[in-house]
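Heavy atoms only: backbone and side chains are in, while hydrogens, waters and symmetry mates are out.
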Amino acid sequence: MGHREQLMVGAKRCLEERGYARTTSRDIAVAANAPLGTINYHYGSKEALLNAALLETLLEWGDKVRARPAAGSPQGAGAGSRLEAMWARIVESQATDRPLVVASIEAFAQAERFPEIRRQIAEAFELGRTELAADLHGIDGAADGELAHAVGSVHMALVAGLTQQWLIDPERAPSARDVAAGLRAIAQRLESDADADAPTTDTPTAPATTTDA
């Protein structure tokens, strides 16, 4: 393993043990057992290395928690079960991967000052939208990009919201079953509202006829 790979491993370890904001270049070098100067040589800056490590780890986390359809099953089958399984894995990850989740939130705050971080996170979000729409609902982004973007965006918002609730208030944060039940209730109400708002068409009344006396 060369210095570049060692630095990536060391940066990931620092993210887990120290968090994004508290990690220094020296921390990474020590964790990687690599010379301090190799950070700039291979990645350009400490921030660039931490961003790369964070995004790589987040993608790995996404693969772990995202519920994919079983091999050979129809794309649209069991969407509800896959959805609930994904939320259960996200909830579980709040205990097993909590340092990573905290580090990701710290990185989001850095995006306000570093355009490159913003760009990289935005690209990861867009990839996540497409994959969630495909994995959970069988929506092909290439065939229907607008629908995939809309559905994936809703799931991305739910992932972020669920994660924050479990970080701040785990005792009252929703379970996977709560999220699934809430989504079903919202969908039913939206459907009912759409039916109620739909314009009604009255059957035209035949004109009256008169007969001459």
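By the side-chain hydrogen bond (donor to acceptor under 3.5 Å, both in side chains) test, Glu60 is found to be paired with Lys12, residues two or more places apart in sequence or in another chain being considered. Residues passing the side-chain hydrogen bond (donor to acceptor under 3.5 Å, both in side chains) test with Asp27, sequence neighbours excluded: Arg18, Thr24. Qualifying side-chain hydrogen bond (donor to acceptor under 3.5 Å, both in side chains) partners for His3, counting only residues two or more places apart in sequence or in other chains: none.
Here the CG atom belonging to Leu58 is positioned 8.5 Å from the CZ atom belonging to Phe125, to the nearest 0.5 angstrom. From Leu49, atom CG reaches atom CZ of Arg4 across 8.5 Å, with rounding to the nearest 0.5 Å. Atom-to-atom distance recorded for Leu162:CG and Leu167:CG is 9.5 Å, nearest 0.5 angstrom. Summarising the geometry, atom CD belonging to Gln165 is positioned 14.0 Å from atom CD belonging to Glu171; distances are rounded to the nearest 0.5 Å. Distance CZ/Arg184 to CZ/Arg189: 15.5 Å, rounded to 0.5 Å. Atom OG1 of Thr57 is separated from atom NZ of Lys64 by 10.5 Å, given to the nearest 0.5 angstrom.
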Exercise. Using the side-chain contact (heavy atoms from CB on, under 4.5 Å) rule, take Tyr41 and Leu7 through it: C-alpha gap first, then chi angles, then the decisive distance, then the call.
Key: CA-CA 11 Å; Tyr41 177 79; Leu7 290 169; over 6 Å; no
Self-check item: Residue pair Thr163, Gln94: steps toward the side-chain contact (heavy atoms from CB on, under 4.5 Å) verdict
Solution: CA-CA 7 Å; Thr163 297; Gln94 304 309 303; 3.7 Å; yes
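In this structure, the side chain of Arg129 does not engage the main chain of Val151 through any donor-acceptor pair within 3.5 Å. Listed for the Glu84 side chain is no donor-acceptor partner under 3.5 Å among the backbone atoms of Ser81.
Shown here for Met86 and Val65, the closest heavy-atom pair between the two residues is CG-O, 3.2 Å.
Remark: Glu116 engages Arg119 in a salt bridge, criterion side-chain N to carboxylate O under 4.0 Å.
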